[in-house]
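Everything on this sheet refers to the single structure shown next.
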Amino acid sequence: MKIARDGKITKEMELVAKKEQVDVEFLRKGIAKGRIIVPKSNNRDIEPIGIGEGLLVKVNANLGSSKRVCDINEELEKAKIAVKYGADTIMDLSTGITEDDVKNIRKQILKEVKVPLGTVPIYQSALRALEKKGAIINFDEDDLFNVVEEQAKEGVDFFTIHVGVTKEIVNYLKDHPRTMGVVSRGGTFLAAWILENDLENPFNSNYDYLLEMAKEHDFTLSLGDGMRPGSIFDSTDYAQIQELVEISKLVKRAWSQNVQVMVEGPGHIPANEIERNIKIMKSLCNNAPFYVLGPLVTDIAPGYDHIVSAIGGVMAGMAGADYLCYVTPSEHLALPNKEEVKRGVIASKIAAHAVNIAKYGKRASDWDYKMDIARKNLDWEGMIKQSIDPELSREIHFRNGNVDDDDDVCSMCGEFCAIKILKDALDKKASKKIL
Ligand code: SF4
């Protein structure tokens, strides 16, 4: 951010501008104003991406072990699958079984997956507190900041930190319970710590120190929404908006120190409230990049929450959200497996692509044009190649042996294929003209 404000262009800015098909000066100005971020640690060698105003909407995939399911190779494979199907970034949300497991998974992902990596460092602090001090919330300020520093040195590109979870908001919730309470893991750890110790959130009271660390290691801050609604009945309530007001102040303080920052948003939000949520955030936070978790437009579809969030993702993207966090079919039910990671990424990628076509036309829709030409030519290999999930397209087209490699129609209409009938008629007419 400092370099952009000094009017200089970096190699990273040039790469991002080229990929996005925007003028590099447009990108530089966006970074200088805080409206665009390039989340890349200076301790890591990856291809940079940009997130924010005027850039294509990006997709994040969460993965990571839990105390019940912990397999380093499996998580690494999930990360690779997520990138293969279009995730622009990965967040490692590992919590177990031991702190060493969490460290090992992160190190492997940093080494082998070449997209920006984000984490929620308080997870490791909580795990350390559990192992060394007997309870998740037995961490102290040093435990929190030491983990941030450790991960920053390793090259983590961006951190979700719930700086906006304040004592005032947590105390408000004591007297005004919500339908689902606090559903953010990091937000809950801090809320429980505040209640236990009757002290302010250490990330909030030592925010300047966090900004110093961000400057030193060039990591991007993602201001987590600890009060994101976990039920459509909690959406756009006092706790959510009060945290956003606090975050808006934190954004400006980060910018005053040349620290790149994005803002995380909800959550479970009915469709009619999505646009106003995005507009309020963009207005309060001076158009900082907005990263939405879903949003999920209904609570009744476990097993299909990737579709629920893709619907919300399109609406949020059209209203100005810049970055969609995927949701998998196993959300609210279990840790996702590899197939569920794939389906979650594809659902969010479709949502982001739909927004990108509507907002940026040809910058995104060239892909669709290639598919349409293959369809018009009944070029099945071409259609499969352009599919977001080529393996699935191939499997469906050729299933049951209803068509073979020589067929130019599919089993839907067979000889009644509308495209073929018109194509044959036009070819006949054209050949007569030539004769
Ligand atoms: S057979 Fe029917 S569904 Fe299949 S390509 Fe032709 S028109 Fe489309």
Side-chain angles (χ1 to χ4, degrees), residues 21 56-57 59 61 81-88 271 297-298 300-315 317-318 324 326-330 336-435:
Q21 301 174 48
L56 299 174
V57 172
V59 168
I81 286 169
V83 173
K84 175 179 171 188
Y85 289 98
D88 300 288
V297 292
T298 173
I300 54 92
Y304 297 90
D305 274 332
H306 56 315
I307 296 171
V308 173
S309 79
I311 293 167
V314 173
M315 299 182 76
M318 289 307 298
L324 309 179
Y326 88 158
V327 172
T328 74
S330 63
N337 62 23
K338 287 183 278 188
E339 178 59 25
E340 289 153 356
V341 165
K342 172 181 160 182
R343 282 197 245 158
V345 169
I346 288 176
S348 284
K349 199 69 191 174
I350 293 169
H353 186 63
V355 175
N356 291 333
I357 291 170
K359 286 176 84 169
Y360 303 116
K362 211 168 143 32
R363 269 166 69 194
S365 64
D366 269 357
W367 184 5
D368 298 70
Y369 188 68
K370 285 181 194 148
M371 172 65 95
D372 295 347
I373 295 301
R375 273 196 186 138
K376 185 181 174 189
N377 292 330
L378 292 165
D379 167 11
W380 292 97
E381 282 308 320
M383 283 184 253
I384 288 167
K385 187 173 161 213
Q386 295 304 327
S387 299
I388 199 162
D389 185 351
E391 298 93 343
L392 183 65
S393 290
R394 182 178 297 284
E395 185 193 318
I396 293 175
H397 178 64
F398 289 107
R399 76 181 162 209
N400 302 330
N402 290 334
V403 294
D404 58 38
D405 289 346
D406 298 331
D407 266 319
D408 51 2
V409 295
C410 80
S411 61
M412 176 80 181
C413 329
E415 283 65 28
F416 289 6
C417 174
I419 297 168
K420 181 174 168 53
I421 291 168
L422 186 66
K423 188 171 176 287
D424 287 351
L426 287 170
D427 286 351
K428 213 163 141 191
K429 181 115 182 144
S431 70
K432 270 189 194 156
K433 266 191 194 160
I434 291 163
L435 285 172

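Read the numbers this way: they start at 1 and go in the same order the structure lists the ligands and their atoms. Position 1 is the first residue of the sequence; numbering continues from there.
- Remark: S387 pairs with S393 by the side chain to side chain donor-acceptor pair (under 3.5 Å) rule, at least two apart or across chains.
- Not one N or O on the side chain of D305 forms a donor-acceptor pair closer than 3.5 Å with the backbone of V308.
- Near atom 6 (Fe) of ligand 1, less than 2.8 Å away, sit the protein N, O or S atoms C417 SG.
- With sequence neighbours excluded, the residues satisfying salt bridge (charged side-chain N to carboxylate O under 4.0 Å, His left out) with E339 are R343.
- Judged purely by atom type and a 3.5 angstrom limit, D366 has no side-chain atom pairing as donor or acceptor with the backbone of Y369.
- Counting non-hydrogen atoms of other residues, nucleotides and ligands closer than 6.0 Å to CZ of F398 gives a total above 12.
- Counting only residues at least two apart or on different chains, the side-chain hydrogen bond (donor to acceptor under 3.5 Å, both in side chains) pairs with a member in residues 410-422 are D408-K420, K420-D424.
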